[in-house]
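Order of the sequence lines sets the chain letters (A, B, ...), proteins ahead of strands, with each chain counted from 1.
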Amino acid sequence: MAGISRPRGTDDLLPERLQAMEHARQLGTAIAASYGYRPLETPIFEATELFVRGVGDTTDVVTREMYTFEDRAGRSLTLRPEGTAPVVRAFWESDLRQAPLPARLSYWGPMFRYDRPGRGRYRQFHQFGVEVLGESEPELDAEVIAVAWRWLLELGLGGTSLQLNSIGDATCRPQFREALLDHFGPHLAQLPDLDRERLRRNPLRILDSKDPDVAGLLEAAPKTTDFLCDGCHEAFLRVQEALVAYGIHFQLNPLLVRGLDYYQRTAFEVWHEDLHGAQNSLFGGGRYDGLSEELGYPHCPGVGFAAGLERVTMLAPPPGPAPLPLVWALAAQPEAAATVIRLSEQLRGAGLAAVVDAGRRSLKAKMRSAERGGASLVCIVGAEELSQGLVTIRLLGDGSQVSEPLRTAVDRARALLFQSS
RNA sequence: GUGGCUAUAGCUCAGUUGGUUAGAGUGCCAGGUUGUGGCCCUGGAGGUCGAGGGUUCAAGUCCCUCUAGCCACCCCA
């Protein structure tokens with residue numbers, strides 16, 4: 001088709017899909033609120049530096065996926081690729097930190113990453129997430145997961161599994177990295193190029209390898225959890241105990257690592273059986289106690305998750321139709337146009353949703369449109385009704401039909417709708 | 001960013017070894033019912049065959065480039 005088409009990797013949220021996404025988002029916000037989380041929104045663009053320092057300057061997100069531009073004053077700005085660093089920034093720039101800690105926050109909005117589009121993967125996508133700032137108690141890690149899990153349940157989304165790991169912190173992770181290097185070092189020659197590069201740049205990432213030749217080596221590789229320092233070990237146990245208390249099943253996954261630099265200790269993802277390859281992640285999250293300092297603020301522990309709304313709504317059963325029953329007001333002849341327009345306004349004033357068709361098409365065509373358009377009831381005014389001051393009211397469900405004086409037609413329509421539903 | 005598959009009506013898709021005015025279903029508009037939806041019947045509109053170039057007497061069909069989507073990697077939501 002000729003004309004201008006939308007940019008690669010973007011999608012129009014047509015009514016049906018938008019309704020599903022709004023539903024998921026509102027449900028998420030409401031569930032988070034029931035755990036004491038208050039919603040906030042941050043700008044869609046931020047100083048580039050926020051992500052370079054927060055997400056990590058060696059990560060894929062920063063090195064090749066950011067939409068970065070200069071504004072007219074020469075500032076480097078970036079369309080946000082994720083939501084956590086902006087929330088931490090907003091926390092410090094506001095009075096949120098004056099309220100009792102921890103601060104429990106939820107957010108929603110579009111995110112932008114310049115990577116190759118595919119099913120459930122967009123360059124502009126939407127995330128819903130929560131963050132808990134200002135306290136490092138491991139029970140909070142479990143709480144965040146509980147919010148996510150309850151959300152999934154209420155969305156009716158089955159086929160999911162919770163993957164849980166601890167990737168240690170600044171005191172124990174270096175030792176684990178050494179152990180990994182020692183383990184794979186002797187076999188460098190037989191590793192695929194990609195994995196050799198991973199080992200060089202970010203050794204933990206080799207645990208992500210899906211190369212069958214590496215499977216054996218991975219099997220015997222050191223586990224993150226064997227190297228946890230006392231603090232991390234105890235914290236990990238408390239997270240698991242709290243999850244049991246919440247009644248949430250989890251799968252310990254020693255191969256789970258996260259792509260963004262700021263995570264430490266708890267890392268988790270929710271996977272779905274219908275999503276394949278490396279796109280199976282519905283949610284991702286974890287603890288990021290070092291992020292605040294990376295950004296140049298005082299120490300401030302935090303934990304949170306983010307979920308991709310496109311992926312969630314792709315897999316969850318669609319929400320029911322709009323609850324408001326529709327009334328269509330139809331003119332049977334041109335001379336009734338003004339009357340049906342006035343009538344439709346009165347219907348709306350009475351709290352009903354009304355569509356008016358005062359055009360010149362045949363009544364048959366208008367009835368057909370009303371039926372296809374989801375009308376529960378139609379009000380017909382033509383020459384006959386005009387001369388007697390009446391409105392013909394027809395219920396589309398059973399085809400029953402009554403004549404009602406124009407003055408009381410709105411009340412009668414409401415009563416009939418109420419009875420029939 | 002790498003490799004592969006795909007692109008025909010609003011939507012889902014046919015289209016023979018290259019060969020006349022490119023089809024179906026569905027949706028849309030209208031008629032059958034001088035004012036009444038669903039079921040049925042009839043008719044109509046709607047296509048630069050993703051874009052550009054090339055081969056050929058002749059291209060929806062073969063070749064090249066680009067664009068977009070999908071799949072597997074990379075990586076993430």
Student: With sequence neighbours left out, write down each residue that passes ring pair (Phe, Tyr, Trp, His ring centres under 6.0 Å) with Tyr288(A), or none if nothing qualifies.
Tutor: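 Ring pair (Phe, Tyr, Trp, His ring centres under 6.0 Å) check on Tyr288(A) returns Tyr262(A).
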Student: Rounded off to whole Å, could you give me the CZ-to-P distance for the Arg116(A) and C70(B) pair?
Tutor: 11 Å
Student: Under 4.0 Å between a side-chain nitrogen and a carboxylate oxygen: does that hold for Asp411(A) and Arg414(A)?
Tutor: no
Student: Work out how far the P atom of A22(B) is from that of A45(B), and round it to whole angstrom.
Tutor: 14 Å
Student: Is the shortest side-chain heavy-atom distance between Ser292(A) and Leu295(A) below 4.5 Å?
Tutor: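 A side-chain contact is absent here, since even the closest heavy-atom pair is not under 4.5 Å.
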Student: Once you round it to whole Å, what is the distance between P of C71(B) and CG of Asp274(A)?
Tutor: 13 Å
Student: Under 3.5 Å, is there any donor-acceptor pair linking the side chain of Arg121(A) to the base of G69(B)?
Tutor: no
Student: Look at the side-chain N and O atoms of Arg198(A) and state whether any lies under 4.0 Å from the OP1 or OP2 oxygen of C74(B).
Tutor: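 Arg198(A) to C74(B) OP1/OP2: side-chain N or O found under 4.0 Å.
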Student: Sugar-phosphate means primed atoms, P, OP1 and OP2; the rest is base. With that split, encode nucleotides 32-37 of chain B 5' to 3' as B, S or - using protein heavy atoms under 4.0 Å.
Tutor: B--BBB
Student: Under 4.0 Å from OP1 or OP2 of A72(B): is there any side-chain N or O of Arg119(A) that close?
Tutor: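 Answer no for this pair, as no side-chain N or O of Arg119(A) is under 4.0 Å from OP1 or OP2.
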Student: Measuring only the P atom in each nucleotide, how far is C49(B) from A7(B)? A whole number of Å is fine.
Tutor: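 Approximately 15 Å lies between the P atom of C49(B) and that of A7(B).
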Student: Counting distance only, does the side-chain N/O of Arg348(A) pair as donor-acceptor with the main-chain N or O of Ala354(A) below 3.5 Å?
Tutor: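 Side chain of Arg348(A) to backbone of Ala354(A): a pair is present.
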Student: Going by number, which of residues 33-44 of chain A have a non-hydrogen atom under 4.0 Å from RNA chain B?
Tutor: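 None, since no heavy atom is under 4.0 Å.
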Student: Report the residue from Arg123(A), Arg119(A), Arg17(A), Arg121(A) that forms a salt bridge (Lys or Arg N to Asp or Glu O under 4.0 Å) with Asp11(A).
Tutor: Arg17(A)
Student: What does the 5'-to-3' dot-bracket notation of RNA chain B look like when only Watson-Crick and G-U wobble pairs under 3.5 Å count, and pairs to other strands show as |?
Tutor: (((((((..((((.....[...)))).(((((.......))))).....(((((..]....))))))))))))....
Student: Given the P atoms of G1(B) and A59(B), what is the spacing between them in whole Å?
Tutor: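 It works out to 35 Å between them.
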Student: Does any part of the side chain of Arg258(A), heavy atoms only, come nearer than 4.5 Å to the side chain of Asn165(A), both counted from C-beta?
Tutor: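 SC-SC contact between Asn165(A) and Arg258(A) ruled out.
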Student: Can you list every salt bridge (charged side-chain N to carboxylate O under 4.0 Å, His left out) pair that touches residues 150-159 of chain A, not counting sequence neighbours?
Tutor: Arg150(A)-Glu154(A)
Student: Can you check the distance between A9(B) and G50(B), where both ends of the measurement are the C1' atom (answer in whole Å)?
Tutor: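 A9(B) and G50(B) have their C1' atoms separated by 14 Å.
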Student: Identify each atom pair where a protein N or O and an N or O of nucleotides 42-46 of chain B are less than 3.5 Å apart, giving names and distance.
Tutor:
none

Student: Using a heavy-atom cut-off of under 4.0 Å over every strand shown, decide if Leu194(A) touches base, sugar-phosphate, or nothing.
Tutor: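 Sugar-phosphate contact only - Leu194(A) comes under 4.0 Å of backbone atoms but never of a base.
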Student: Whole Å only: how far is the CZ atom of Arg8(A) from the P atom of G1(B)?
Tutor: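 In whole Å, G1(B) P lies 8 Å from Arg8(A) CZ.
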Student: Do the two ring centres, one from Phe128(A) and one from Trp151(A), sit under 6.0 Å apart?
Tutor: yes
Student: Please report, rounded to the nearest Å, how far the C1' atom of C11(B) is from the CG atom of Asp12(A).
Tutor: 16 Å
Student: At 4.0 Å (heavy atoms only), tell me whether Arg361(A) reaches a base, stays on the sugar-phosphate, or touches nothing.
Tutor: sugar-phosphate
Student: Round to a whole Å and report the spacing from CG of Asp115(A) to C1' of A72(B).
Tutor: 15 Å
Student: The criterion is side chain to side chain donor-acceptor pair (under 3.5 Å); which residues satisfy it with Ser106(A), sequence neighbours excluded?
Tutor: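 With sequence neighbours excluded, Ser106(A) shows a side chain to side chain donor-acceptor pair (under 3.5 Å) to no residue whatsoever.
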Student: With rounding to whole Å, what would you report as the distance between G25(B) and U65(B) at their C1' atoms?
Tutor: 36 Å
Student: What integer number of Å spans the P atoms of A68(B) and A51(B)?
Tutor: 15 Å
Student: Throw together a table of side-chain donor-acceptor distances under 3.5 angstrom for residues 177-188 of chain A, partners on residues two or more places apart or in other chains.
Tutor:
unit_1    : atom_1 : unit_2    : atom_2 : d
His183(A) : NE2    : Leu217(A) : O      : 2.8
His187(A) : ND1    : His183(A) : O      : 3.3

Student: According to salt bridge (charged side-chain N to carboxylate O under 4.0 Å, His left out), does anything in residues 18-36 of chain A pair up with another residue at least two apart or in another chain? List the pairs.
Tutor: Glu22(A)-Arg25(A)
Student: I'd like to know whether CZ of Arg361(A) has more than 12 heavy-atom contacts from other residues, nucleotides or ligands below 6.0 angstrom.
Tutor: yes
Student: Rounded to the nearest Å, what distance is computed from the CG atom of residue Asp208(A) to the P atom of nucleotide C73(B)?
Tutor: 12 Å
Student: Please give the distance between the P atoms of U17(B) and C13(B) as a whole number of Å.
Tutor: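 Taking atom P in both U17(B) and C13(B), they lie 23 Å apart.
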Student: Above 12 or not: heavy atoms from other molecules or residues under 6.0 Å from CD of Glu16(A)?
Tutor: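 Check fails, neighbour count at 12 or below.
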Student: Show every salt bridge (charged side-chain N to carboxylate O under 4.0 Å, His left out) that has at least one partner inside residues 34-57 of chain A, sequence neighbours left out.
Tutor: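 Every salt bridge (charged side-chain N to carboxylate O under 4.0 Å, His left out) pair that includes a residue of residues 34-57 of chain A, provided the two are not neighbours, is Glu46(A)-Arg89(A).
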Student: Determine whether Gln240(A) and Leu164(A) make a side-chain contact, defined as any pair of heavy atoms from C-beta on separated by less than 4.5 Å.
Tutor: yes
Student: Measure CG/Leu207(A) against P/C74(B) and give the value in whole Å, please.
Tutor: 13 Å
Student: Using a cut-off of 6.0 Å, state whether more than 12 heavy atoms not belonging to Arg6(A) lie near its atom CZ.
Tutor: yes
Student: Which residues, if any, of residues 45-66 of chain A bring a heavy atom under 4.0 Å of RNA chain B?
Tutor: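 Asp60(A), Arg64(A), Glu65(A), in order of number.
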Student: Rounding to an integer number of Å, can you tell me how far Leu157(A) CG sits from A77(B) P?
Tutor: 17 Å
Student: Per the ring-ring contact (aromatic ring centres under 6.0 Å, His included) rule, what does the pair list look like for residues 9-67 of chain A, sequence neighbours excluded?
Tutor: Tyr67(A)-Tyr114(A)
Student: Could you please spell out the steps behind the side chain to side chain donor-acceptor pair (under 3.5 Å) verdict for Gln163(A) and Asn253(A)?
Tutor: CA-CA 6 Å; Gln163(A) 307 288 313; Asn253(A) 183 345; 2.9 Å; yes
Student: Using the C1' atom on both, measure U20(B) against G15(B) and round to a whole Å.
Tutor: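 Between the two C1' atoms, the distance is 15 Å.
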Student: Under 4.0 Å between any heavy atoms, over every strand shown, what does Ser5(A) touch: base, sugar-phosphate, or nothing? Just pick one.
Tutor: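 Nothing, no heavy atom under 4.0 Å.
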Student: Classify Phe283(A) by what it touches in the nucleic acid, base, sugar-phosphate, or nothing, heavy-atom distance under 4.0 Å.
Tutor: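 Answer is sugar-phosphate: Phe283(A) comes under 4.0 Å of backbone atoms only.
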